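Here is the structure we will look at.
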Amino acid sequence: MNIKKGFLLSEIDDTGVVVATGKLSKTFNSMVTLNESGIMLWKKLETGATEGELIEALMKEYSIDEKTATEDLQTFLNTLKGADIIENC
């Protein structure tokens, strides 16, 4: 899974804001806000992390079970998919 080129994460305190840059900003004129876990997942997606790696990261960082991590990850990924931000998933 990869984040499409042209999206940029900016962090302010514990909040992340994702915006489109360059030519992409002409067609994507929204922004997505991310909480602390969203920022962590975003950074892992930037390196091409797999779904399994993302689930493991959530479980380790937040001491949650696999079912909860999987459900939370799917919610996050569905948001990004809906905004057409990620590819290869």
Side-chain angles (χ1 to χ4, degrees):
M1 251 178 288
N2 292 13
I3 296 168
K4 289 184 176 180
K5 291 185 193 264
F7 287 99
L8 176 68
L9 169 66
S10 294
E11 292 180 64
I12 303 167
D13 295 323
D14 290 337
T15 302
V17 178
V18 175
V19 295
T21 61
K23 293 179 184 178
L24 190 58
S25 65
K26 293 179 182 177
T27 58
F28 186 90
N29 55 6
S30 300
M31 68 176 162
V32 175
T33 57
L34 303 175
N35 60 17
E36 185 179 321
S37 59
I39 293 169
M40 185 259 305
L41 292 170
W42 179 274
K43 289 179 177 180
K44 292 196 174 297
L45 281 170
E46 286 181 321
T47 65
T50 66
E51 199 167 319
E53 291 168 334
L54 296 173
I55 291 168
E56 287 293 324
L58 283 171
M59 290 169 50
K60 180 178 179 183
E61 182 70 23
Y62 298 102
S63 300
I64 57 177
D65 60 78
E66 186 173 357
K67 181 179 186 277
T68 302
T70 301
E71 290 171 354
D72 290 350
L73 177 61
Q74 288 309 310
T75 299
F76 177 74
L77 293 177
N78 287 340
T79 299
L80 297 184
K81 288 176 191 175
D84 200 28
I85 293 175
I86 55 176
E87 57 191 359
N88 301 328
C89 46

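Treat the numbers as computed from the prediction; the structure is a model and nothing was measured.
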Heavy-atom distance under 4.5 Å between the side chains of [X] and [Y], does that happen here?
X	Y	answer
Leu58	Met40	yes
Leu9	Ile3	no
Lys4	Ile85	no
Trp42	Glu11	no

| task | Check for a donor-acceptor pair, side chain of Thr21 on one end and backbone N or O of Phe7 on the other, with a separation under 3.5 Å. | result | no
| query | Within the side chain of Asn35, is there an N or O that forms a donor-acceptor pair under 3.5 Å with the backbone of Ser37? | reply | yes
Heavy-atom closest contact ([X] atom, [Y] atom, distance):
X	Y	result
Val19	Met31	CG1-CB, 3.9 Å
Ala20	Ser25	O-CB, 3.6 Å
Met59	Ala69	CG-CB, 3.6 Å

Quick one: [atom1] on [X] to [atom2] on [Y], what's the gap to the nearest 0.5 Å?
X	Y	atom1	atom2	answer
Thr33	Ile39	OG1	CD1	9.5 Å
Asp14	Leu34	CG	CG	12.5 Å
Leu24	Asn29	CG	CG	10.5 Å
Glu56	Glu66	CD	CD	7.0 Å
Glu36	Asp13	CD	CG	11.5 Å

| request: Answer yes if Phe28 and Val17 sit in the same cluster of Ile, Leu, Val, Met, Phe, Trp and Tyr residues linked by side chain heavy atoms under 4.5 Å apart, and no otherwise. | output: no
| Atom NZ of Lys44: over 12 foreign heavy atoms under 6.0 Å | no
Scan the side chains in residues 71-79 for donor-acceptor partners under 3.5 Å anywhere in the protein, sequence neighbours excluded, and list what turns up.
unit_1: Glu71; atom_1: OE2; unit_2: Lys67; atom_2: NZ; d: 2.8
unit_1: Gln74; atom_1: NE2; unit_2: Glu51; atom_2: OE2; d: 2.6
unit_1: Thr75; atom_1: OG1; unit_2: Glu71; atom_2: O; d: 3.1
unit_1: Asn78; atom_1: ND2; unit_2: Gln74; atom_2: O; d: 3.1
unit_1: Thr79; atom_1: OG1; unit_2: Thr75; atom_2: O; d: 3.1

| task | Test Leu80 against Val18 for side-chain contact (heavy atoms from CB on, under 4.5 Å), laying out the working first. | result | CA-CA 10 Å; Leu80 297 184; Val18 175; over 6 Å; no
